[in-house]
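In this chain, numbering begins with 1 at the start of the sequence shown.
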Amino acid sequence: MAGSAGAREFSVDDAVDPESPLSERDQQMLSLERSWWKYAGAKEQAIRDLFGLSATSYYQILNALIDTEEALAHDPMLVKRLRRLRTTRQRARTARRMGTDA
């Protein structure tokens with residue numbers, strides 16, 4: 001049993017609620033964001049394996065997704081956290097461009 005938790009592969013198949021207004025893929029993306037860190041391997045590899053997307057494409061879709069009311073209703077705490085992280089990163093990038101500290 002030792003090391004078995006680290007060896008598990010990430011699965012988002014059980015993350016789908018048929019009653020949700022979100023698509024299966026959108027629900028799976030939120031599931032990945034909720035718990036990817038619990039599993040072995042790089043997140044970028046999980047993105048490629050699960051969704052067949054580059055990390056850039058994945059994050060573009062995710063950013064649009066977290067701006068929707070449906071995503072907020074589906075998982076409010078996660079979506080608010082992801083929005084907050086995005087805002088923090090945007091402010092840091094802007095500060096670097098302006099030559100000031102964030």
Chi angles and distances behind the side chain to side chain contact (heavy atoms under 4.5 Å, CB included) call for Glu33, Lys43: CA-CA 9 Å; Glu33 290 302 313; Lys43 184 177 180 182; 2.9 Å; yes

Side-chain donor-acceptor pair present, Arg93, Gln90, cut-off under 3.5 Å: no

In Å, rounded to the nearest 0.5 Å, how long is the span from [atom1] of [X] to [atom2] of [Y]?
X: Arg25; Y: Tyr58; atom1: CZ; atom2: OH; result: 10.0 Å
X: Leu30; Y: Glu70; atom1: CG; atom2: CD; result: 11.5 Å
X: Leu65; Y: Leu82; atom1: CG; atom2: CG; result: 9.0 Å
X: Leu50; Y: Trp36; atom1: CG; atom2: CH2; result: 13.5 Å
X: Ser23; Y: Met29; atom1: OG; atom2: CE; result: 9.0 Å
X: Leu22; Y: Gln28; atom1: CG; atom2: CD; result: 11.5 Å

Derivation and outcome, side chain to side chain contact (heavy atoms under 4.5 Å, CB included), residues Arg86 and Asp67: CA-CA 11 Å; Arg86 178 179 62 187; Asp67 285 334; 2.6 Å; yes

Nearest heavy atoms of Asp75 and Arg34, plus distance in Å: OD2-NE, 2.7 Å

Distance-minimising heavy-atom pair for Ala71 and Ile66: CB-CA, 4.4 Å

Donor-acceptor contact present, side-chain Ser31 to main-chain Gln27, <3.5 Å: no

Check against side chain to side chain contact (heavy atoms under 4.5 Å, CB included), Arg48 and Glu44: CA-CA 6 Å; Arg48 280 191 295 277; Glu44 287 76 16; 4.0 Å; yes

